[in-house]
> 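This is the structure I want to talk about, given as structure tokens.
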Amino acid sequence: MEAFYTKKFTADQIHLDRFGRLKPSAILRFAQEAAGDHCNVLELDWDTLAERGLFWAVIRHRVQVQRLPVAGETITVETWPMPTTRSAFPRATVAYDKTGNEVFRTVSLWVLMDINSRGMVLPGKSGVALDGVVRGNELALPSSILPKPLEETVVRRVGYTELDRNGHMNNTRYMDWVDDLLPSSFHGEHPVREFTVCYLSEAREGQQIQLNWQLVEGDCLQVDGRRERTDVPGEQERVFAAQVRF
């Protein structure tokens with residue numbers, strides 16, 4: 001097995017915020033693309049898994065930022081699978097600048113889903129095996145984000161351009177929604193240092209998501225995304241949660 005995979009990315013305009021810095025969603029996109037290319041090498045790509053009625057889905061991300069790359073900067077992203085747990089396939093990623101200094105690192109939890117039932121398939125029943133590697137400097141696996149009362153509310157609707165091949169909102173787009181909760185005047189003075197996102201349920205095209213949020217402790221943004229339940233009128237269910245530290 002090719003335990004490690006590296007890929008170079010250039011921070012182009014599409015990846016940058018208005019201050020010329022790499023957007024948090026672009027960090028997730030680079031990590032996702034490197035992981036996808038590694039899965040191609042491992043013959044665990046989307047098309048191969050689809051033939052077996054499966055697809056990859058990420059359920060949690062944790063990201064730690066040393067600094068945000070800027071316009072035109074080329075970074076090297078290295079990714080590798082960690083030992084499989086009973087329910088998920090953890091994956092670590094580290095990005096370096098041209099001098100070899102780390103710019104960000106991530107750890108994510110991936111699961112296999114049944115294409116038809118949209119239910120999770122445990123690794124032991126999936127027929128998919130990955131020999132994970134531990135270097136010893138990986139981030140701790142992301143934990144859950146407990147719900148809490150939040151003062152502010154914004155409503156968003158999932159659009160066509162936010163969907164991926166699995167037919168649900170791509171994990172990178174959630175961070176764009178989260179970033180939009182705070183104005184440029186805040187982002188200009190408070191670059192992201194760390195964030196965690198937990199994906200709790202698929203967000204499908206046309207669904208209306210209520211974003212409950214609050215800036216707590218001065219530099220921590222807490223977000224809880226919910227939608228109306230179809231089976232119990234008047235009640236909501238959590239779609240995702242995020243915590244961002246600036």
Side-chain angles (χ1 to χ4, degrees), residues 23-25 28-29 32 53-63 85-89 108-123 125-126 141-184 186-187 192 194-246:
K23 293 187 290 187
S25 62
L28 297 184
R29 184 169 298 280
Q32 177 180 277
L54 301 171
F55 68 89
W56 288 115
V58 63
I59 58 172
R60 291 180 189 172
H61 271 305
R62 182 184 176 200
V63 178
T85 69
R86 187 188 71 84
S87 58
F89 298 84
S108 52
L109 293 180
W110 294 81
V111 297
L112 287 167
M113 305 286 288
D114 184 283
I115 285 179
N116 297 312
S117 72
R118 314 302 279 192
M120 189 173 73
V121 179
L122 294 176
K125 297 182 178 181
S126 68
L141 298 182
S143 58
S144 60
I145 299 174
L146 297 177
K148 63 192 314 184
L150 301 169
E151 295 179 352
E152 307 292 337
T153 298
V154 170
V155 175
R156 299 284 298 255
R157 188 179 297 276
V158 180
Y160 166 73
T161 60
E162 294 165 324
L163 306 177
D164 59 21
R165 291 186 71 183
N166 297 322
H168 58 213
M169 184 165 162
N170 186 270
N171 73 87
T172 67
R173 299 306 300 271
Y174 289 83
M175 280 307 298
D176 286 331
W177 280 17
V178 169
D179 270 352
D180 284 343
L181 294 172
L182 295 169
S184 296
F186 180 91
H187 286 294
V192 170
E194 184 173 350
F195 62 92
T196 299
V197 190
C198 297
Y199 310 95
L200 305 169
S201 182
E202 291 183 288
R204 309 296 289 271
E205 184 175 7
Q207 289 183 340
Q208 188 169 281
I209 311 298
Q210 178 178 303
L211 305 181
N212 304 315
W213 65 279
Q214 187 176 348
L215 195 60
V216 298
E217 303 170 15
D219 66 348
C220 180
L221 176 63
Q222 189 96 9
V223 184
D224 195 86
R226 296 173 179 264
R227 64 167 168 240
E228 295 294 323
R229 292 181 58 170
T230 57
D231 56 337
V232 184
E235 291 193 13
Q236 293 184 322
E237 60 185 345
R238 296 177 88 200
V239 175
F240 81 101
Q243 189 176 72
V244 185
R245 293 195 176 275
F246 299 95

> For W56, which residues count as a ring-ring contact (aromatic ring centres under 6.0 Å, His included) partner, sequence neighbours excluded?
F89

> Judged by modelled atom types alone, do Q214 and E152 share a side-chain donor-acceptor pair under 3.5 Å?
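Absent: no donor and acceptor within the cut-off.
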
> Quick one: does W177's side chain get under 4.5 Å of E162's, heavy atoms only?
yes

> Any salt bridge linking D180 with R156? Criterion: basic side-chain nitrogen under 4.0 Å from a carboxylate oxygen.
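Yes, this pair counts.
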
> Test your reading of the model: is there a side-chain donor-acceptor pair from D114 to the backbone of N116, 3.5 Å cut-off?
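Looks like yes, one N/O pair under 3.5 Å.
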
> Would you say that R60 contacts T196 through its side chain, given a criterion of any heavy-atom pair below 4.5 Å between the two side chains?
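Result no, sub-4.5 Å side-chain heavy-atom pair not found.
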
> Between V178 and V244, is any pair of side-chain heavy atoms under 4.5 Å apart?
yes

> Taking the side chain as everything from C-beta on, heavy atoms only, tell me whether V223 gets closer than 4.5 Å to L221.
yes

> What closest approach, in Å, do F186 and L215 show between heavy atoms, and which atom pair accounts for it?
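Result for this residue pair: CE1-CD2, 3.6 Å.
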
> Roughly how far apart are I59 CD1 and L200 CG, rounded to 0.5 Å?
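Atom-to-atom, I59:CD1 and L200:CG are 9.0 Å apart.
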
> Kindly compute the distance separating CG (L122) from CG (L112), expressed to the nearest 0.5 Å.
10.0 Å

> Looking at CZ of F55 and CG of N166, how far apart are the two atoms once the value is rounded to the nearest 0.5 Å?
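So the CZ of F55 and the CG of N166 are separated by 4.5 Å.
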
> Measuring only between side-chain heavy atoms, which start at C-beta, is H61 closer than 4.5 Å to Q32?
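No - every pair of side-chain heavy atoms lies 4.5 Å or more apart.
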
> Applying side-chain contact (heavy atoms from CB on, under 4.5 Å), run through V154 and L181 and close with a yes or a no.
CA-CA 8 Å; V154 170; L181 294 172; 4.1 Å; yes

> Is there a side-chain contact (heavy atoms from CB on, under 4.5 Å) between V239 and Y174? Walk through the geometry before answering.
CA-CA 10 Å; V239 175; Y174 289 83; 4.2 Å; yes

> Roughly how far, to the nearest 0.5 Å, is SG of C220 from CZ of F246?
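The CZ atom of F246 sits 8.5 Å away from the SG atom of C220.
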
> Apply the test side-chain contact (heavy atoms from CB on, under 4.5 Å) to residues F240 and L211: give CA-CA distance (whole Å), side-chain angles for both, the deciding distance (0.1 Å), then the verdict.
CA-CA 9 Å; F240 81 101; L211 305 181; 3.6 Å; yes

> Hey, does V63 have a side-chain heavy atom less than 4.5 Å from the side chain of E194?
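No - every pair of side-chain heavy atoms lies 4.5 Å or more apart.
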
> Got a salt bridge between D224 and R238, using NZ or NE/NH1/NH2 to carboxylate O under 4.0 Å?
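Salt bridge present between D224 and R238.
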
> Looking only at non-hydrogen atoms, find the nearest pair between P24 and D179 and report the distance.
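Of all heavy-atom pairs spanning P24 and D179, the closest is CD-OD2, 3.3 Å.
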
> Applying salt bridge (charged side-chain N to carboxylate O under 4.0 Å, His left out), which residue pairs with at least one partner in residues 199-215 are found, sequence neighbours left out?
R118-E202, E202-R204

> Please check if the side chain of S144 supplies one atom and the backbone of L146 the other of a donor-acceptor pair under 3.5 Å.
no

> From Q207 CD over to R157 CZ, what is the distance, rounded to the nearest 0.5 angstrom?
10.0 Å

> Are E235 and R229 close enough for a salt bridge, meaning some N to O gap below 4.0 Å?
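Result for this pair is yes, salt bridge flagged.
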
> Are side-chain N/O atoms of R226 and Q210 paired as donor and acceptor at under 3.5 Å?
no

> Side chains of L182 and H187, heavy atoms from C-beta outward: is any pair under 4.5 Å?
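A side-chain contact under 4.5 Å exists here.
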
> For residues S25 and T172, report the shortest heavy-atom separation together with the two atoms involved.
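Closest approach of S25 to T172: CB-O, 3.2 Å.
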
> With side chains defined as the heavy atoms from C-beta onward, is the minimum distance between F195 and R245 less than 4.5 Å?
no

> If I compare all heavy atoms of A88 with all of P123, which pair ends up nearest, and what's the gap?
N-CG, 3.9 Å

> For a quick test of reading the model, state the closest non-hydrogen atom pair linking R173 to T161 and the distance between them.
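Scanning both residues completely, I find the closest heavy atoms to be NH1-O, 3.3 Å.
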
> Between S108 and R62, does a side-chain contact (heavy atoms from CB on, under 4.5 Å) hold up when you go through it step by step?
CA-CA 6 Å; S108 52; R62 182 184 176 200; over 6 Å; no

> To the nearest 0.5 Å, how far apart are OG in S143 and CG in L109?
10.0 Å

